[in-house]
Amino acid sequence: MRSEAARAAHRRRVSTVTDDPFVAHRGLLFTVAYEMLGSAADAEDVVQETWLRWDAIGAGERAEVRDARAFLVRMVTRKALDRLRSNARRREEYVGEWLPEPLLTAPDVADDLELAESVSFAMLTVLETLTPTERAVFVLREVFDTPYGEIAEAVGKSEAAVRQTAHRARGHVAARRPRMEVSPREQQEVVDRFLAAASRGDLQGLLDVLAPDVVLVADGGGIVQAVVTPVVGAKKVANLLRPFPRLAPGATFLPVLLNGAPGARLVGTLDGYDTAISFVVEDGRITRIYAVRNPAKLGRIDVEATIRR
């Protein structure tokens, strides 16, 4: 049994850790890095690098930091930008379509509509079309409402240049993001209809829930079987999915929350590989389906990610 002195020392250690700004803002730092990189693995690496740099500063210097949150966000942004630029060649050589790494998220993420949209597959795929600097500026300004001056320090640009970049990125994203807001309940109902129809191989049920111009994008990473180019059109997507019950008799769709929205996991397939599936719903129908099969991107799919603003 520990002595009172030992218990007091333990409380001081716990208090010290809890009071550390890095610990307090870790969820935020991960979210910033993930939205910039689209990869949970890379985001975790960036957060760890940020921690090592923060720890190396020393307690005395850390105590002099006036705004620890801004300081840490600046650090993680710079490291994420370096990682994003170094990943450019790897993305160019990627086999098939590159999709973000899906995250298993808690219900409270879906309740925060702005946060849920910012980490959604629809948004992350749009952010992939921005330059690294545009992406950093957009994420910091539009998602986290970071002052322009702080963003300028983080990306190494003048404040005037950052304002121009933000305006350009905002217009680019607005032109490509889904145009209709859908409640989580409506989205869940549509996804449930899709999963029921796909499980039965119900062609008409699939056609009823798919938008005429629906697009299915799959990511196997050249490791597992997946369509290598997007499939466009309700009939083509439905015909691709209709044989599912016959081709994968032991497989099951599990409803989950992925990236702040109703999604699904396909488990028990003959090849032994899971699939994480995200959807975009507009006007009561599915307009986009994102299917991630690359096992390198599913390593964290069983653990809820801590997403914070």
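- A 4.5 Å side-chain heavy-atom check between Y290 and E97 finds every atom pair outside the cut-off.
- Hydrophobic clustering places I151 together with V65 (ILVMFWY residues linked when any side-chain heavy atoms are closer than 4.5 Å, directly or through intermediates).
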Subject >> Derivation and outcome, side-chain contact (heavy atoms from CB on, under 4.5 Å), residues E150 and V73 >> reply: CA-CA 9 Å; E150 291 181 19; V73 167; over 6 Å; no
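- The two residues G268 and D274 have their closest heavy-atom pair at N-OD1, 4.4 Å.
- Just one residue in the list T146, L127, T31 forms a side chain to side chain contact (heavy atoms under 4.5 Å, CB included) with V139, and that residue is L127.
- Side-chain contact between R300 and L103: absent, with no pair of heavy atoms (C-beta onward) separated by less than 4.5 Å.
- When the shell of 6.0 Å around CZ of R141 is examined, it contains more than 12 heavy atoms from other residues, nucleotides or ligands.
- Counting heavy atoms of neighbouring residues, nucleotides and ligands inside a 6.0 Å radius, atom CD of E114 does not exceed 12 of them.
- Looking at heavy atoms from C-beta onward, E117 lies out of side-chain contact with L113 at the 4.5 angstrom threshold.
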Subject >> Check against side-chain contact (heavy atoms from CB on, under 4.5 Å), D271 and R293 >> reply: CA-CA 11 Å; D271 63 7; R293 302 209 71 220; 3.0 Å; yes
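- The two atoms that bring G201 and P245 nearest to each other are N-CG, 3.3 Å, heavy atoms only.
- For the atom pair CD of Q187 and OG of S120, the computed distance is 9.0 Å after rounding to the nearest 0.5 Å.
- F244 approaches A251 most closely through the heavy-atom pair CZ-CB, 3.8 Å.
- No continuous path of ILVMFWY side-chain contacts below 4.5 Å connects I277 to L104, so the two sit in separate hydrophobic clusters.
- If you take OG on S39 and NZ on K297, they are separated by 8.0 Å, rounding to the nearest 0.5 Å.
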Original post:
Could you go step by step and tell me if F138 and H172 meet the side-chain contact (heavy atoms from CB on, under 4.5 Å) rule?
Top reply: CA-CA 10 Å; F138 181 87; H172 183 95; over 6 Å; no
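- If you check the side chains of T133 and R85, you find a donor sitting under 3.5 Å from an acceptor.
- Distance check, rounded to the nearest 0.5 Å: CD of Q225 to OH of Y273 gives 12.0 Å.
- Summarising the local packing, CD of E128 is surrounded by more than 12 heavy atoms from other residues, nucleotides or ligands at distances under 6.0 Å.
- No side-chain donor-acceptor contact under 3.5 Å links R135 to the backbone of L130.
- Here the rule is side chain to side chain contact (heavy atoms under 4.5 Å, CB included) with V292, and of S278, P102, P100 only P102 fits it.
- Annotation: cation-pi pair R308/F30 absent, no NZ/CZ under 6.0 Å from the ring centroid and within 45° of its normal.
- Among residues two or more places apart in sequence or in another chain, the side chain to side chain donor-acceptor pair (under 3.5 Å) test is passed with Q188 by D192.
- With salt bridges taken as basic N to acidic carboxylate O contacts below 4.0 Å, none links E189 and R193.
- Here the CG-CG distance, from L210 to L216, works out to 9.0 Å after rounding to the nearest 0.5 Å.
- Under the 4.5 Å side-chain heavy-atom criterion for ILVMFWY residues, no single connected hydrophobic cluster contains both F121 and V214.
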**OP:** Could you check V109 against L257 for side-chain contact (heavy atoms from CB on, under 4.5 Å), going step by step and ending with a plain yes or no?
**Re:** CA-CA 9 Å; V109 176; L257 283 175; over 6 Å; no
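- Residues E49 and R53 are not paired through a salt bridge, judged by the lack of any N-O separation under 4.0 Å between the basic side chain and the carboxylate.
- Rounding to the nearest 0.5 angstrom, the gap separating the NZ atom in K235 from the CG atom in L207 is 7.5 Å.
- Hydrophobic clustering of Ile, Leu, Val, Met, Phe, Trp and Tyr side chains at less than 4.5 Å, counting indirect connections, keeps V191 apart from V280.
- A salt bridge links R265 to D302: at least one charged side-chain nitrogen sits closer than 4.0 Å to a carboxylate oxygen.
- Following chains of ILVMFWY side-chain contacts shorter than 4.5 Å, one cannot reach L37 starting from Y94, and the two form parts of different hydrophobic clusters.
- Atom CG in D219 sits 5.5 Å away from atom CG in N294 (nearest 0.5 Å).
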